[in-house]
Number of protein chains: 2
Amino acid sequence: MRSDFVAAVRRFNRTVTQRVGALDDEYMACGRPLAQARLLWEVGPDGAEVAALRARLGLDSGYLSRLLRALEGDGLVSVGPAEQAGGDARVRVAALTPAGRAAWAELDERSDGFASSILAPLTEHRREQLVAAMAQVERLLIASMVVVEPCPPGDPRARACLRAYAREMARRFDDGFDPALSNPVHDEELVPPAGVFLLATLNSEPVGCGAVKLHRDAPAEVKRVWVADTVRGLGVGRRILGDLERYAAARGWTTLRLDTNRNLTEAIAMYHSAGYREIEPYNSERFAHHWFEKQLDPPQG
Amino acid sequence: MRSDFVAAVRRFNRTVTQRVGALDDEYMACGRPLAQARLLWEVGPDGAEVAALRARLGLDSGYLSRLLRALEGDGLVSVGPAEQAGGDARVRVAALTPAGRAAWAELDERSDGFASSILAPLTEHRREQLVAAMAQVERLLIASMVVVEPCPPGDPRARACLRAYAREMARRFDDGFDPALSNPVHDEELVPPAGVFLLATLNSEPVGCGAVKLHRDAPAEVKRVWVADTVRGLGVGRRILGDLERYAAARGWTTLRLDTNRNLTEAIAMYHSAGYREIEPYNSERFAHHWFEKQLDPPQG
DNA sequence: TCGATTGCCTGACTAAAGTCAGCGATATGC
DNA sequence: GCATATCGCTGACTTTAGTCAGGCAATCGA
């Protein structure tokens, strides 16, 4: 890694995350303990399930419970059973009381005030530059926080991706998409040694996937590449594809193939720029219009 | 303030300072309590005075002392009297022991590792973008953290600026600069109601200054505008000048004048772009080649 | 339908972070 | 030379943050 890049990132971490972060916390806290303030914020005007709060804030179950009791004691939130009938009677929902709503609004206002105080001393031109640069940093940091790793296709997060994949294909293909009419992909084919399913997550939320089938005596085949639109354009698809290629290459396959629909223009552009070349149809996939192939480099090291 | 700008800054604060900040702390801590790790880092290979550490970290005197004892207990730092003879015998200096130097190096390495881990998942092109955007954000946040406020010209920080000003003039003028040969500016003239001295600080370090003399029955006069090169190009000079203009206008002056040396090209450009126009000499300042004047807008509100 | 699990809770605990008053030695101002 | 401040230190204290074991009720799986 270039040492000037590393130094620049470190300087950024120091100056920005330390100073701005500390100030932001202070503004947020507003007299209250920081953890309580954060929790109050996360409960939000619409309320939230206790389990969701625990996941979002990454807190211990006991600790969260205690924090909720403290906020309840201050009359800011009320924790009760879930509204909807027939729901799980164990899950409880935290909601803001009127006083809590007021405190929340104050937090919101203070946050706005802090952001404004950062922009205020700058000229309009510099404000635009700062906002643009912040958006860029945020975008690229999000890209860098996406984790791609193997995952059983039966995992709920994998299932969520596969459902999202099917939904998107149904939406984008000219004549819809019915998995039953498409060449089937069975879970067993996406589990080593037959193949692999890769899941991309951002803060442990699923945001993309991809799979490869290692056919015996035939080129390996890429399937089910999908990226959530919240992280599109950040290179996640490219990373998934690259990892799939390395996976196949590491196991001795020298050729990778895939088929795709003509409406998936970004995907087609990505395959081209990743070194795939279009070939004659190698299967009778009903929803495919283009077939691609790439010769894999032998594994490094 | 534009609400989309405010929202963008808030999103940035949330995503970047929270997540990256928290991770950075974790990497930094390295098993140790965070406060100890930070202190160890601030002591650094060259050592540091206890008072300086207190100022930099913003810690309570007692707390800092305790933290130092803890690090001493772990054999990482040694606190002793200041080296130099004749110094204040009360001030004490913290220095790293060999073990402390090793721990410090480990912190340094971990920080590098963390920065690398942010860059690692990105393509080279995106790395360049990220580093550039981070540098931009840092630059502009620094600009926004500079505080400009009135200050007695006798304040040590003001004195430091005035010394730096004289040093820089001596360096840049063709034939040096001797305040004794220049039109004199006395401290009393820079104290209300005769005038004002503005000090620009970054994290309470002085980084710039400027003054205005409110002459009776004559245009007000700008003097001693200087900006440290660490924050040059961030609009600090412009802010100081603007504040001086508002100060004079608020007290009824309608015209502002100043003189400057031909070698101070950035300053001359700034005066031009701030609406000053060149006029005939209005004084016999030995080191001046250009004289400027601006009509002030009456105060708002 | 019974055992295991899950969701939320409480009690008991620890560690870290931070505050405050005051002490002893040194330095400074009048 | 004396009062007054400053510098760093210690002791006593509080608050915040967080962990862990276990308990109760609802739910799920076989």
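Letters A, B, ... are given to chains in the order of the sequence lines, protein chains preceding strands, and every chain is numbered from 1.
- One interatomic measurement links the two molecules: CG of B:Leu71 to C1' of D:dG8, which rounds to 16 Å at whole-angstrom precision.
- One interatomic measurement links the two molecules: CZ of A:Arg54 to C1' of C:dC8, which rounds to 7 Å at whole-angstrom precision.
- No hydrogens or angles were tested; on distance alone, a donor-acceptor pair under 3.5 Å links the side chain of A:Arg90 to the base of C:dT6.
- With respect to A:Glu138 and B:Arg11, a salt bridge is recorded, a charged nitrogen being found less than 4.0 Å from a carboxylate O.
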Pairs under 3.5 angstrom, nitrogen or oxygen only, protein versus nucleotides 9-13 of chain C, please.
residue: C:dC9; atom: OP1; partner: A:Arg69; partner atom: NH1; Å: 3.4
residue: C:dC9; atom: OP1; partner: A:Arg69; partner atom: NH2; Å: 3.0
residue: C:dC9; atom: OP1; partner: A:Arg92; partner atom: NE; Å: 3.3
residue: C:dC9; atom: OP1; partner: A:Arg92; partner atom: NH2; Å: 3.0
residue: C:dC9; atom: OP2; partner: A:Ser65; partner atom: OG; Å: 3.3
residue: C:dC9; atom: O5'; partner: A:Ser65; partner atom: OG; Å: 3.2
residue: C:dC9; atom: O5'; partner: A:Arg69; partner atom: NH1; Å: 3.4
residue: C:dC9; atom: N4; partner: A:Ser61; partner atom: OG; Å: 3.3
residue: C:dT10; atom: OP2; partner: A:Arg69; partner atom: NH1; Å: 3.2
residue: C:dG11; atom: N7; partner: A:Arg66; partner atom: NH2; Å: 3.2
residue: C:dG11; atom: O6; partner: A:Arg66; partner atom: NH2; Å: 2.7
residue: C:dA12; atom: N6; partner: A:Arg66; partner atom: NH2; Å: 3.3

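- Residues B:Glu42 and A:Arg14 are paired through a salt bridge, judged by an N-O separation under 4.0 Å between the basic side chain and the carboxylate.
- Put simply, CG on A:Leu67 is 13 Å from C1' on D:dT19, counting in whole angstrom units.
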Decide side-chain contact (heavy atoms from CB on, under 4.5 Å) for A:Arg110 and A:Asp24; before the verdict, give the C-alpha distance in whole Å, the side-chain angles of both, and the deciding distance to 0.1 Å.
-> CA-CA 9 Å; A:Arg110 287 175 68 93; A:Asp24 196 39; over 6 Å; no
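- Here D:dG8 presents its C1' atom at 12 Å from CG of B:Leu53, a figure rounded to the nearest Å.
- Checking C:dA17, C:dT6, D:dG18 against the side-chain heavy atoms of A:Leu59 singles out D:dG18 as nearest.
- For B:Ser65 (side chain) and B:Gly62 (main-chain N/O), no donor-acceptor pair under 3.5 Å exists by modelled atom type.
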Under 3.5 Å donor-acceptor pairs involving side-chain atoms of residues 193-211 of chain A, not counting sequence neighbours:
residue: A:Asn203; atom: OD1; partner: B:Arg19; partner atom: NE; Å: 3.3

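- Atom CD in B:Gln36 sits roughly 13 Å away from atom P in C:dA15 (whole-Å rounding).
- The stretch residues 18-34 of chain A has no heavy atom under 4.0 Å from DNA chain C, so no residue of it qualifies as close.
- Rounded to whole Å, the distance from CG on A:Asp88 to C1' on D:dA25 is 11 Å.
- For B:Glu49 (side chain) and B:Val91 (main-chain N/O), no donor-acceptor pair under 3.5 Å exists by modelled atom type.
- Of the charged side-chain nitrogens involved, at least one lies within less than 4.0 Å of a carboxylate oxygen, so that B:Asp108 and A:Arg10 count as a salt-bridged pair.
- A:Arg54 places no side-chain N or O within donor-acceptor distance of the main-chain N or O of A:Ser61, the cut-off being under 3.5 Å.
- Note on B:Arg159 versus B:Asp187: salt bridge recorded, some NZ/NE/NH1/NH2 to OD/OE distance being below 4.0 Å.
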